[in-house]
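Take a look at the structure below.
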Amino acid sequence: MRKLAAGNWKMNGLGADLPQLEALMADHAQPAVDVVICGPATLLTRMAATGITVGGEDCHPAASGAHTGDISAPMLADAGATHVITGHSERRTDHSETDAQFAAKTEAGWAAGLHVILCIGETEAQYRAGDTLDVLRAQMDGSIPDDATAATTTIAYEPVWAIGTGLTPTPQEIADVHAALRAYLTARFGDDGATMRLLYGGSVKASNANDIFALANVDGALVGGASLKAADFSPIITALENAD
Ligand code: PGA
């Protein structure tokens, strides 16, 4: 499988930030891994015009309708996106979204021809209670539709307590979780589960990327803060290219 370095700009990004993507493209004209930047809907068309592969950060389960302020998966595709994130913990926290909604959004992304990056992750309290694997299994049961394939879907493990905090699990913890996720995916989806990309996300930066990418079953990263500037994201892409 081809590895994936995915950026998530969240509610950041104006036209003035587009030169960051041009700089990234100049650094990685022909990357040996997939590179995707998921950005705000307002910027997608202009992001795509730089030549970089772009994705949305969320989509509505319906293709169209009376949902003021929402963005549908066909709209993302129309704006030039080829990917979409679903299940991000900030959607759970900010908008009280559920696994069932994430499953519906994932189906909507596929129906529009988008590759879905589906996020899962435990909170700090769940981590401290030793519930991480139970939480992740329940999230995957509820949010990954039965017809997921390796071609249409990437799973991103993002511990909520590691997002934007500068904290990360130890390499051993990441390796253990990813091994358990791989076992779950293989048991549920067979060959597709064995080859479905598994990203780690949460405070990935140039200084920890090599250690994280060296781990078994880590097929790339979903990167928030360090994807905003080419100078920060470019070495992460290089680290992924150089990983075994
Ligand atoms: P972070 O965000 O890299 O800023 O921790 C990751 C994410 O939320 O996808």
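Both ligands and their constituent atoms are indexed starting at 1 by order of listing. The analysis underlying the following values was restricted to heavy atoms, covering all of them including side chains, and did not include hydrogens, waters or symmetry mates.
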Looking only at distances, please establish whether an N/O atom of ligand 1 is found under 3.5 Å from an N/O atom of Glu90.
-> no
Indicate the ring-plane relationship of Tyr157 and Tyr200, choosing parallel, tilted or perpendicular according to the 30° and 60° boundaries.
-> perpendicular
State if Gly202 counts as touching ligand 1 under the rule of any non-hydrogen atom under 4.0 Å.
-> yes
Specify the protein heavy atom at minimum distance from atom 9 (O) of ligand 1: its residue, its atom name, and the distance to 0.1 Å.
-> Glu158 OE2, 2.7 Å
side-chain contact (heavy atoms from CB on, under 4.5 Å), paired with Ile37, selected from Leu24, Thr53, Thr50 = Leu24
State, without any angle test, whether Thr168 and Ser203 hold a side-chain donor-acceptor pair at a distance under 3.5 Å.
-> no
Between Arg2 and Asp219, does at least one N-O distance fall below 4.0 Å, as a salt bridge requires?
-> no
Near Ala162 (heavy-atom distance under 4.0 Å), the atoms of ligand 1 are 5 (O)
For atom 2 (O) of ligand 1, find the nearest protein heavy atom and state the residue, atom name and distance (0.1 Å precision).
-> Lys10 NZ, 3.3 Å
Closest non-hydrogen atom pair between Ala6 and Ile117, with its separation = CB-CD1, 4.1 Å
For atom 3 (O) of ligand 1, which protein heavy atom lies nearest, and how many Å away is it?
-> Gly224 N, 2.8 Å
Among all protein heavy atoms, pick out the one at the shortest distance from atom 4 (O) of ligand 1; state its residue, atom name and that distance to 0.1 Å.
-> Gly225 N, 2.8 Å
With a cut-off of 4.0 Å, which atoms of ligand 1 are near a heavy atom of Gly164?
-> 1 (P), 4 (O), 5 (O)
Just checking, any donor-acceptor pair under 3.5 angstrom between side chains of Thr82 and His115?
-> no
Would Glu90 and Thr93 count as having a side-chain donor-acceptor pair, cut-off 3.5 Å?
-> no
Mind checking the OG1-CZ spacing from Thr123 to Arg92? Nearest 0.5 Å is all I need.
-> 10.5 Å
What are the atoms of ligand 1, with element, lying closer than 4.0 Å to any heavy atom of Ser203?
-> 1 (P), 3 (O), 5 (O)
Hey, is Ala226 touching ligand 1 through its side chain, its backbone, both or neither, going by heavy atoms under 4.0 Å?
-> neither
Location of contacts on Asn8 toward ligand 1, heavy atoms closer than 4.0 Å | side chain
Could you tell me which atoms of ligand 1, counted from 1 in the order shown, lie closer than 4.0 angstrom to a heavy atom of Leu222?
-> 9 (O)
